[in-house]
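Below is one structure; the comments refer to it alone.
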Number of protein chains: 2
Amino acid sequence: MHRATLREVAVMAGVHPATASRALNRQTEGLVNAETAARIKRIAAEMGYTPNPIARSLKTSRSASIGLVIPDLTNPLFPPIVRGVEDVLRPIGYNAWIVNTDSRPDVEKAAVESFRQRNVEGFVFATAHLKHPLLDELAAASTPMVLVNRRSTRTDIPSVTPDDAAGVAMAMQHLVDLGHTKIVHLAGPQDLSTGVNRRRAFLASLDELGLPAESSRVIICDEWSEQAGAKGMRAMLDSGPDFTAVLAGNDLLALGVYDALSERGLRCPDDISVVGFNDIPFMDKVFPALTTVRIPHYEIGAEAARLLLEVLRDPNRHPRSLLLPLTLVVRSSTGPVRAGN
Amino acid sequence: MHRATLREVAVMAGVHPATASRALNRQTEGLVNAETAARIKRIAAEMGYTPNPIARSLKTSRSASIGLVIPDLTNPLFPPIVRGVEDVLRPIGYNAWIVNTDSRPDVEKAAVESFRQRNVEGFVFATAHLKHPLLDELAAASTPMVLVNRRSTRTDIPSVTPDDAAGVAMAMQHLVDLGHTKIVHLAGPQDLSTGVNRRRAFLASLDELGLPAESSRVIICDEWSEQAGAKGMRAMLDSGPDFTAVLAGNDLLALGVYDALSERGLRCPDDISVVGFNDIPFMDKVFPALTTVRIPHYEIGAEAARLLLEVLRDPNRHPRSLLLPLTLVVRSSTGPVRAGN
DNA sequence: GTGAAAGCGCTAACAA
DNA sequence: TTGTTAGCGCTTTCAC
């Protein structure tokens with residue numbers, strides 16, 4: 001099946017290809033006689049003409065595309081972010097090229113390189129580390145980009161992140177309201193803004209709530225995973241201070257906490273209360289029910305796309321970062337039916 | 001930052017760009033004097049030359065890319081499939097362009113069109129309907145493609161799918177072994193191969209197990225969602241036959257079944273047993289524990305990519321479809337700890 | 001308001 | 001074995 005080219009449209013319309021090009025582009029449409037332009041458009045439509053994006057991209061070095069760099073799509077945190085990005089971009093004719101990096105810097109570097117060769121106009125990164133040489137490079141080259149969920153120490157890179165500190169404060173207040181005074185924290189990796197911010201907010205909260213802010217009340221997990229959460233919880237049970245409640249750095253760590261408590265014959269929430277973070281999809285189904293801090297995943301993606309589009313439109317605009325508000329989702333397993341087994 | 005072009009490499013090496021092109025491509029490398037080729041490669045490496053994929057694609061109409069068409073990435077069934085596809089393609093320098101269609105034919109059509117314009121070399125579709133005009137068109141045009149998870153009535157399109165019939169038989173045998181004789185089925189949409197195959201296998205299983213294969217034992221849900229599952233289950237409770245066990249067409253429907261049973265004050269598995277299908281990620285966390293049929297999601301993606309690569313290498317090869325074996329995952333909530341609430 | 005000409009960076013047929 | 005030529009389909013400067 002042959003696909004019409006601009007040249008063919010031009011021939012049919014009896015004009016030069018350059019004129020056809022002008023008529024068919026919003027920007028340059030005004031340069032063409034209105035009637036001629038209308039004729040060209042009609043003929044183009046009849047012939048089912050659509051511009052070849054490859055040829056256009058080769059000529060213009062643009063692509064109407066952005067690169068979306070995700071650590072791992074099988075982490076349910078990310079698909080809603082992807083959807084948010086896509087839903088904002090699609091109506092304006094942009095699309096997102098998605099890549100999984102598996103949190104590997106080499107894969108990320110190769111992906112970014114590949115995207116740049118394909119003339120992506122900007123990036124959304126969900127992979128930011130606090131120290132992140134690749135991001136520094138891109139920032140130095142003024143590459144349009146927005147970070148989501150996590151930030152870098154380079155705070156001049158625009159970002160859209162959850163208000164971790166406020167979320168932690170809400171969770172801590174909740175635990176205190178339940179009567180807890182002996183609370184511990186399983187922190188995430190400390191090379192990530194989320195891991196650091198939540199840990200700091202935990203210690204600050206202890207202090208503000210009049211509880212001793214002992215650093216022994218924090219154990220750092222080396223990744224955001226159920227396994228790491230279980231390992232951290234075991235360490236806390238073995239050699240940490242007494243506690244009746246755990247603030248997990250995210251929901252996956254909280255699942256690991258459940259596993260470790262279960263191994264030791266401890267019950268939730270009878271013996272130990274657990275609070276998570278993120279409210280990833282399907283967290284409302286787990287047992288024991290998990291109270292957690294909900295992050296607006298979809299909106300994070302959507303806002304990131306909007307922010308990136310702003311940067312693309314006005315590259316000199318002062319960088320802005322968004323902090324999105326969170327909500328505490330209180331859940332309990334003591335409903336009338338499911339509790340029975 | 002300037003990026004070296006082939007022309008610049010050629011100038012540095014003192015050869016014509018065509019020679020440089022030959023030297024730097026595996027296929028044509030042999031046409032060039034070995035020493036010259038080595039020199040060109042060395043200089044290219046020194047200059048950090050990498051071929052511009054856009055220019056190459058414009059010239060060759062190839063792209064080293066395939067289109068991966070997904071209904072909805074937030075359905076946890078799909079991310080592992082995506083990973084499987086990517087992991088097979090990446091080592092050979094191919095990549096997958098992912099798009100979400102939201103199950104909308106117009107979005108799918110536009111995405112496929114866009115991919116074709118970008119010279120994708122083939123497609124993996126996770127969106128197949130039994131009747132699917134777009135797939136028929138592509139098949140008629142001999143477009144290389146592979147269907148995953150679902151098939152079309154055009155059985156000459158290669159596919160990689162779970163062995164639904166075998167999975168249903170395993171699940172049914174399990175229920176019968178537990179002593180159930182009054183079993184019902186919540187079927188998925190009947191315009192999808194998965195919905196139809198599982199429903200048929202359910203009826204066939206009833207028959208083979210010596211149970212009456214009454215069609216009243218099936219209710220069809222109009223989408224694969226928790227909401228649709230709850231609605232279907234309510235209808236079954238209100239006007240269906242007596243039953244003690246439910247085979248849900250997939251895990252999301254099973255979650256809806258839980259909701260509906262809970263509303264009516266029925267307990268799982270005390271009053272009603274439920275079996276799901278797919279074993280999507282995080283299903284091991286739900287309560288009451290869900291016994292389900294596990295589909296090898298990642299392998300489905302990986303095999304689909306391999307099959308597509310075969311088709312690309314030999315377009316005339318007879319189409320093959322793969323049926324992947326499933327396993328029954330038996331779970332129970334009666335562990336020593338979590339049962340206590 | 002329109003056309004002519006050039007070229008984005010690459011590869012493939014043909015010629016030498 | 002290498003160079004010449006042409007062109008993939010488009011946009012954009014310049015000239016008319």
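Every chain is numbered from 1 and lettered A, B, ... according to where its sequence line falls, protein lines coming before strand lines.
Side-chain atoms of A/T194 and A/R150 include no donor-acceptor pair closer than 3.5 Å. B/N25 and B/R56 share a donor-acceptor pair across their side chains, judged by distance under 3.5 Å alone. Looking only at atom types and distance, the side chain of A/T50 has a donor-acceptor partner in the side chain of B/Q117 under 3.5 Å away. Using modelled atom types and a 3.5 Å distance limit, the side chains of B/S57 and B/N119 yield a donor-acceptor pair.
To the nearest angstrom, C1' of C/dC8 lies 14 Å from CD of A/Q117. Rounded to an integer number of Å, the gap from CG of B/N119 to P of D/dC10 is 12 Å. Taking atom NE2 on B/H2 and atom P on C/dC8, their separation rounds to 11 Å, with Å as the unit. One interatomic measurement links the two molecules: CZ of B/R7 to P of D/dT4, which rounds to 11 Å at whole-angstrom precision.
For residues 40-64 of chain B, proximity to DNA chain C is found at B/Y49, B/P51, B/N52, B/A55, B/R56, B/K59, B/T60, B/R62, defined as any non-hydrogen atom under 4.0 angstrom from a strand atom. Within residues 11-36 of chain B, the residues that have a heavy atom under 4.0 Å from DNA chain C are, in order of number, B/A18, B/S21, B/R22, B/N25.
In this structure a side-chain-to-backbone donor-acceptor pair under 3.5 Å is missing from A/T161 to A/N149. A/N52 places a side-chain N or O within donor-acceptor distance of the main-chain N or O of A/A55, the cut-off being under 3.5 Å.
Using bins of under 30°, 30° to 60° and over 60° for the plane-to-plane angle, the ring pair A/W97/B/W97 lands in the parallel bin. Using the six-membered ring where Trp is involved, B/H132 and B/H129 have ring planes that are perpendicular, over 60° apart on the 30 and 60° scheme.
Rounded to 10 degrees, the angle separating the terminal axes of the helix from C/dG1-D/dC16 to C/dA16-D/dT1 is 40°, with each axis obtained from five end pairs.
Shown here for A/R118 and B/S63, the closest heavy-atom pair between the two residues is NH2-O, 3.3 Å.
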Take B/E86 and B/N95 through the test side chain to side chain donor-acceptor pair (under 3.5 Å) and record every step on the way to the result. CA-CA 7 Å; B/E86 280 186 331; B/N95 57 350; over 6 Å; no
